[in-house]
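Predicted model only: the values in this text are computed from it and were never measured. Below, chains carry the letters A, B, ... as their sequence lines are ordered, and counting in each starts from 1.
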There are 2 protein chains.
Amino acid sequence: MSPSPTAASGKRPTLADVAARAGVSTALVSTVMRDTKGASAATRERILQAAKEIGYRPDARARLLRSHRSRLLGVQFGLQHPFHTDLVECLYAAAEPAGYQIALSAVAPSRSEQQAVESLLADRCEALILLGPQAPAARLAELAGQLPVVSVARRLRPPCGQVAVVRTADDEGARQAVDHLVGLGHRDIAHIDGGRAPGAADRRRGYRTAMTGHGLAEHVRVLPGGLTEDEGAAAARALLAARPRPTAVLAFNDRCATGVLDTLLRSGVQVPAEISVIGFDDSRLARLAHIDLTTVGQDIPGLAEFAVGRAVARLEGEPDPEGETVIAPRLVVRGTTTAAG
Amino acid sequence: MSPSPTAASGKRPTLADVAARAGVSTALVSTVMRDTKGASAATRERILQAAKEIGYRPDARARLLRSHRSRLLGVQFGLQHPFHTDLVECLYAAAEPAGYQIALSAVAPSRSEQQAVESLLADRCEALILLGPQAPAARLAELAGQLPVVSVARRLRPPCGQVAVVRTADDEGARQAVDHLVGLGHRDIAHIDGGRAPGAADRRRGYRTAMTGHGLAEHVRVLPGGLTEDEGAAAARALLAARPRPTAVLAFNDRCATGVLDTLLRSGVQVPAEISVIGFDDSRLARLAHIDLTTVGQDIPGLAEFAVGRAVARLEGEPDPEGETVIAPRLVVRGTTTAAG
DNA sequence: CCTGACGTCTAGAACGTTCTAGAAGGACAG
DNA sequence: CTGTCCTTCTAGAACGTTCTAGACGTCAGG
């Protein structure tokens, strides 16, 4: 009949249990547990000892209920995106020194953004950090009316209400890639784009302007791609059929670039000897020794830090710049680019 | 000075606010919010209306504090493992119909299993579902003394205390892979193992027994590998140096197999014409068209369902088999295996 | 010896919910 | 009319914490 027959000790120990065992009030135990001043060294010792003996563990929920601040940042992320999981990792690291905790809520085919956000709100998060949110701008603005909202890696056309945006300068990244390739002597540089994905439009524009700036307007070639390996592979097949065949290609992201690499390898085309390939993101994928992809690095720790920083700034009433925080990308040269043959 | 200058309404509305607006008691609002019987249709309507008007949202933490049951399953997973993120997705799907919620806690280089579990416990989860935990068995047994614990994809030597184990029959999976290759005429079949990773020992053993069963004991060759692409790539280089060179290889998992594939391609070795490659997991990776990996499929939805099922069974005092639940794997034949040349 | 300040500690009220009693009112059988 | 049983509702005590006020020493300065 017991609801939890496997639980050894029956009930979870509380402050009161510790207090009783140490012969003090619950309030005093509380101050000791919070490591606040107001208890003598001797009793502090005694209380800690008692707590340890009965295996006391503070109840985060009760704690948050009482204190007005929950110090909880809600993070919505896509379970399947390596870029997101990398970001989450850095968010944990960025939140801790600021004295905040992270509550995760995943988006997946079976779990909508709506559901993910609902659960974060019910959990009393003080602010939301949304990774590449797809929700309509109006919905984001509405949320931002209730609590601080930070959109990471998704640009929003101003006015985006109170929504803070933290993103990479995608156009600048594309420019760096083109500059690098031109510096290596390439002229025939194609771009496999990301369609409607976040950032795709900016990267496309950056590519076009950079090419034009180098006087290569007539070599501009944008192939429809996407953000997955498959889409990259498909685009690469189109690339191989093109005449004259480009000597270099800038892919929308690393996953897309991986698909390109694979197709080229299978077709017996040498990379980088015959075609140079550049990705975007500098995700784990690109760094793998056997892929060793030259890529436009997004500053993932930086994005995470700014995202947390802006959420915290708003929560603590510090001055926070309205609108966008744009972080510069940095080209990471690895093994998939070389001088034009 | 306000701690949250961006929050529009200042304070989050509570039951009392709704009650005041609808002219009823908080208790009645509570019953209506929980959709419990005990309120007339008319007032129910009125209360819902009032709640909507002021944007009331129940506070999950206060709710859990009061009710003894939290109906929360804590899930510990590795942010960087596609196999884990796939599992998490299925766990969400499995928990919902059972009336439970999922609390996520990630493990990453900067966040230990210890930390992950601590935070789940502090959050008052009723049970823990640990994906491929690396913690010492003694630690898991200790945890299981406090609350139901399910270890997924990690085998534990009995007695594992109260820890429930849900896993794939790894040895059987390796056997299926070997059988498939032998059926294709391969005799020189190598195995790149996973070292101390969960499941590695069983796969190794399954490989050995299957080889022996086919009278190929002297062709047994186990190369030290690991669970990442890099480790697979390194092992593949060793493989290429071996004489006689194996005609087929079973990798520890899909990531490892991907590294193998890449190294082979780069060395100009045709897959599957010269060497057949088999992975393990059937993660998203294997299904990508340009990888198209033959692999031993783990039944991810099945694992998730059993994991939730066993956690719930223990929580609700239903009879739960002690020890292991073992799920059969199923070989998925794709493009990286073919008849021995 | 008083006074005020400080260090240590405690009682009791929050926090936002759910739960346990039980009250109010009506319907209906005796 | 009385009693019993519904249905609908409410008061008030939990839950495990933190916070506010203040009590009780002790100690230094006058």
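Note: CD (E45(A)) to C1' (dT8(C)) measures 17 Å, nearest angstrom. The interatomic distance linking K37(B) (NZ) with dC19(C) (P) rounds to 15 Å, in whole Å. Regarding R71(B), its CZ atom lies at a distance of 17 Å from the C1' atom of dT17(C), rounded to whole Å. What separates CZ of R12(A) from C1' of dT17(D) is a distance of 11 Å, to the nearest Å. The separation between R61(A) atom CZ and dT18(D) atom C1' is 18 Å, rounded to whole Å. With rounding to whole Å, L65(B) atom CG is found 12 Å from dG16(C) atom P. Between M33(A) atom CE and dC19(D) atom C1' the separation is 18 Å, expressed in whole Å. Taking atom CG of residue L64(B) and atom P of nucleotide dC19(C), one finds them 11 Å apart after rounding to whole Å.
Of the charged side-chain nitrogens involved, none lies within less than 4.0 Å of a carboxylate oxygen, so that E324(B) and R157(B) do not count as a salt-bridged pair. Taking a cutoff of 4.0 Å between a charged side-chain nitrogen and a carboxylate oxygen, E126(B) and R69(B) qualify as a salt bridge.
Residue pairs meeting the ring pair (Phe, Tyr, Trp, His ring centres under 6.0 Å) criterion with at least one partner in residues 83-141 of chain A, sequence neighbours excluded, are H81(A)-H84(A). Within the structure, salt bridge (charged side-chain N to carboxylate O under 4.0 Å, His left out) contacts touching residues 81-96 of chain A (residues at least two apart or in different chains) are D86(A)-R284(A), E89(A)-R284(A).
Contact check, R34(A) against dC19(D): a side-chain N or O comes under 4.0 Å of OP1 or OP2. The shortest distance between the side-chain N/O atoms of S67(B) and the OP1/OP2 oxygens of dT18(C) is not below 4.0 Å. Under 4.0 angstrom from either OP1 or OP2 of dC15(D) there lies no side-chain N or O belonging to R124(B). In this structure, R63(B) does not reach the dG16(C) phosphate: none of its side-chain N or O atoms is under 4.0 Å from OP1 or OP2.
The number of heavy-atom neighbours closer than 6.0 Å to CD of E113(B), taken from other residues, nucleotides and ligands shown, is above 12.
Overall, the helix from dC1(C)-dG30(D) to dG30(C)-dC1(D) carries an axis bend of 60° between its ends, with five pairs at each end and the value rounded to 10°.
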Next item on the list: For side chain to side chain contact (heavy atoms under 4.5 Å, CB included), just list the numbers for R61(A) and D123(A), CA-CA rounded to whole Å, side-chain angles, deciding distance to a tenth of an Å, and then say yes or no.
Entry: CA-CA 9 Å; R61(A) 312 212 162 238; D123(A) 266 357; 3.9 Å; yes
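E53(A) is linked by a salt bridge (charged side-chain N to carboxylate O under 4.0 Å, His left out) to R21(A), counting only residues two or more places apart in sequence or in another chain. Annotation: salt bridge (charged side-chain N to carboxylate O under 4.0 Å, His left out) contacts of R310(A) (sequence neighbours excluded): D320(A).
Residue-level contact check: T14(A) touches the backbone only, with heavy atoms under 4.0 Å from sugar-phosphate atoms and none from bases.
Residues H68(A) and A62(A) both approach DNA chain D. Their nearest nucleotides, taken by heavy-atom distance, put A62(A) toward the 5′ side.
Nearest to the side-chain atoms of D59(A) among the listed nucleotides dG16(D), dT17(C), dC19(D) stands dG16(D).
With 3.5 Å as the limit, one finds no donor-acceptor pair spanning the side chains of R44(B) and S40(B).
The closest donor-acceptor contact from the side chain of R46(A) to the backbone of A22(A) lies under 3.5 Å.
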Between the protein and nucleotides 6-13 of chain D, which nitrogen or oxygen pairs are less than 3.5 angstrom apart?
| from | atom 1 | to | atom 2 | distance (Å) |
| --- | --- | --- | --- | --- |
| dC9(D) | OP2 | S40(B) | N | 2.9 |
| dC9(D) | OP2 | S40(B) | OG | 3.4 |
| dC9(D) | OP2 | T43(B) | OG1 | 2.9 |
| dT10(D) | OP2 | S25(B) | N | 2.8 |
| dT10(D) | OP2 | S25(B) | OG | 2.9 |

